[in-house]
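These notes concern the structure reproduced below.
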Protein chains: 2
Amino acid sequence: MLKEKTYYETQASEAEYLAWYKTQDWQTYDKPAMTVDNIIFAFDPTDRQLKLLLIERKAHPFKDKFALIGGFVDPSESAKQAALRETAEETGVKITDDNQMWQIGAFTDPNRDPRQWIISVAHATFLSPFVAAHAGDDAKDARWFAVSKDETGAIVFLSSDLTIGLDDLAFDHKDIILATFKRIKESLDVTPDILHVLGDEFTSTDALAVLNCFDSKFEHYSTGNFVKTYVKNNPILMDTGRFEENPNKPGRPKKMLRLRK
Amino acid sequence: MLKEKTYYETQASEAEYLAWYKTQDWQTYDKPAMTVDNIIFAFDPTDRQLKLLLIERKAHPFKDKFALIGGFVDPSESAKQAALRETAEETGVKITDDNQMWQIGAFTDPNRDPRQWIISVAHATFLSPFVAAHAGDDAKDARWFAVSKDETGAIVFLSSDLTIGLDDLAFDHKDIILATFKRIKESLDVTPDILHVLGDEFTSTDALAVLNCFDSKFEHYSTGNFVKTYVKNNPILMDTGRFEENPNKPGRPKKMLRLRK
DNA sequence: CAAATAGTGTCTATAAGACACTATTTC
DNA sequence: GAAATAGTGTCTTATAGACACTATTTG
């Protein structure tokens with residue numbers, strides 16, 4: 001028997017090896033279930049704020065806690081394909097631009113789920129357009145939370161009648177979200193893909209509002225310096241030449257910008 | 001039956017739910033096998049070059065191709081713990097500093113392994129000290145390759161009698177290595193953890209040699225400008241006040257630098 | 001016209017990089 | 001002293017950010 005294995009592994013052709021491999025009944029290693037969790041960001045045009053989609057869990061474990069959107073990965077798809085599928089199912093939005101979804105990483109602590117060995121590959125999604133949230137089967141509620149910071153600088157999520165902190169989240173979603181914010185912040189000057197939440201064209205004011213959620217250096221930035229640094233000199237943003245239509249507000253018309261390809 | 005499930009999921013306490021959960025015979029989702037692949041970098045003091053550890057596969061699939069060090073993840077450990085264990089097994093070096101190993105990401109294309117559904121969580125390791133390579137059971141050979149570039153700028157790996165390119169590697173290890181180089185390059189100015197391959201203390205010349213493998217902007221950098229930018233002004237490196245011992249070479253004695261904590 | 005808002009111009013401090021010059025060692 | 005190597009000083013240029021000023025719109 002060992003001879004046969006050695007023959008196919010080292011003497012036969014790769015095609016022969018693979019054909020033989022499928023016929024064998026392998027004693028396999030233990031395997032984890034694989035899920036994806038999706039950190040979905042979008043920009044709410046009503047109040048011009050960056051928001052994060054969370055669901056309130058209906059069932060144990062972590063009943064009544066808020067959690068990221070997630071689901072199992074199918075054997076025929078990659079983690080990214082699963083995350084894209086879940087995004088389309090949950091929001092109705094089909095992400096087309098590859099830069100609108102980043103893999104953040106695999107979260108693999110064997111105790112991260114109290115039920116069984118379940119790993120999760122986290123993806124951050126920069127959704128556009130903004131759509132209303134609706135709860136699926138496993139959720140009591142689904143809603144958009146504005147991304148904000150408390151007095152101590154910790155990330156908090158605000159909705160009309162509820163404020164939640166990272167410690168209020170289910171599973172290891174605190175870690176996942178922290179890793180996501182760290183990654184987005186570190187990439188901001190090079191690949192500010194988070195701006196995809198603003199759609200194809202956007203104003204410098206909205207861009208600053210979004211960037212400020214990740215790096216407070218933008219807080220005291222004038223639109224003037226922003227445009228100079230990120231549009232005139234840098235290869236990141238560009239001026240479309242168009243202006244905002246129907247602002248319904250006083251003020252000089254805003255230039256529409258977009259990400260360079 | 002459905003009533004019982006609903007009761008435990010939504011009415012019972014979480015402890016009761018989990019106790020009940022373990023008694024159930026769940027029809028599970030298909031699960032992938034989970035491996036780690038390890039991109040192990042080290043600095044060879046003999047020729048003062050950054051090197052990458054690859055093994056030559058003894059058996060199908062990808063027989064005779066070079067590949068990253070890898071192995072299965074145990075249900076009791078995280079992917080990082082598995083990668084640390086594999087590193088210790090393969091090299092004898094026990095990594096202690098958390099910054100010496102980064103998770104690069106999960107590689108989950110369902111066809112990445114021709115045999116079955118196997119995902120891999122890639123980790124980059126900045127090994128120190130440098131140790132000789134030795135082939136394990138599944139390898140015909142294990143060796144250190146100097147990290148270099150060909151005329152077109154593509155990454156190539158050099159050893160005394162063999163040059164291999166990314167397309168010569170097994171599985172999707174080309175993608176894994178490309179993602180690793182990209183990530184290290186992007187983080188260079190903020191977290192140059194790759195310099196851990198140099199040990200606790202190192203010279204500016206060696207640091208430049210390592211950094212140059214990831215960003216060619218260091219190619220025409222004088223040690224003078226390097227020290228000014230990365231040691232005097234920046235919070236990344238610092239001068240230890242000591243000098244290199246026994247250089248056995250002409251030239252002004254080299255200052256020893258180290259990464260700030 | 002006042003208020004609101006955004007974009008431009010200008011100045012200053014800082015930093016990066018080029019490069020000549022100095023320092024220290026081996027042979 | 002010549003060759004090899006590393007570190008320092010200085011100059012130029014580019015850029016970030018502060019901030020005053022200008023532009024455009026609503027009411």
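Every heavy atom of this structure was used, including side-chain atoms; hydrogens, water molecules and symmetry mates were not. Residue numbers begin at 1 in each chain, while the letters A, B, ... track the order of the sequences.
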Quiz item: Nearest-Å distance, CG (N225(A)) to C1' (dG9(C))?
Solution: 11 Å
Quiz prompt | Interatomic distance where CZ belongs to F226(B) and P belongs to dT8(D) [whole Å] | solution = 13 Å
Self-check item: Carboxylate-amine/guanidinium contact E56(A) K65(A), below 4.0 Å
Solution: no
Quiz item: Which one, dA16(C), dA18(D), dT8(C), comes nearest to the side chain of V227(A)?
Solution: dT8(C)
Exercise. Verify the neighbour count for atom CG of D200(B): are there more than 12 heavy atoms of other residues, nucleotides or ligands below 6.0 Å?
Key: no
Quiz item: Going by modelled atom types, is there a donor-acceptor pair between the base of dG7(C) and the side chain of K228(A) at under 3.5 Å?
Solution: no
Exercise. Step through it carefully: locate the ring centre of F130(A), locate the ring centre of F41(A), and say whether they are under 6.0 Å apart.
Key: no
Quiz prompt | Nearest-nucleotide comparison on DNA chain D, the residue closer to the 5′ end among S222(A) and S222(B) | solution = S222(B)
Quiz item: So which of residues 248-258 of chain B are in contact with DNA chain C, with a heavy-atom cut-off of under 4.0 Å?
Solution: K249(B), P250(B), G251(B), R252(B), P253(B)
Quiz item: Between atom OH in Y230(A) and atom C1' in dT15(D), what is the gap in whole Å?
Solution: 12 Å
Self-check item: Selection: residues 202-221 of chain A, any non-hydrogen atom under 4.0 Å of DNA chain C
Solution: S204(A), T205(A)
Quiz item: What is the distance, rounded to the nearest whole Å, between atom CZ of R242(B) and atom P of dA6(D)?
Solution: 19 Å
Quiz prompt | Aromatic ring proximity, centroids under 6.0 angstrom, F145(B) and F66(B) | solution = yes
Quiz item: Quick check: does any side chain N or O of N225(B) sit under 3.5 Å from a backbone N or O of S222(B), one acting as donor and the other as acceptor?
Solution: no
Self-check item: Electrostatic pair R258(B)-D239(B), nearest N-O below 4.0 angstrom
Solution: no
Exercise. Indicate yes or no: at least one non-hydrogen side-chain atom of H123(B) is less than 4.5 angstrom from one of T87(B).
Key: no
Practice problem: Could you check how far CG of D239(B) sits from P of dG7(D), rounded to whole Å? | Solution: 9 Å
Practice problem: Measure up the Y230(B) and F226(B) rings against each other and bin them: parallel (under 30°), tilted (30 to 60°), perpendicular (over 60°). | Solution: parallel
Can you give me every donor-acceptor pair (side chain of residues 152-164 of chain B, partner residue at least two apart or in another chain, under 3.5 Å) with its distance?
unit_1	atom_1	unit_2	atom_2	d
T152(B)	OG1	D150(B)	OD1	2.7
T152(B)	OG1	D150(B)	OD2	3.4
T152(B)	OG1	A154(B)	N	3.4
S159(B)	OG	R143(B)	NH1	2.6
D161(B)	OD1	R143(B)	NH1	2.9

Quiz item: Quick one: R48(B) CZ to dT5(D) C1', roughly how many Å, whole number?
Solution: 13 Å
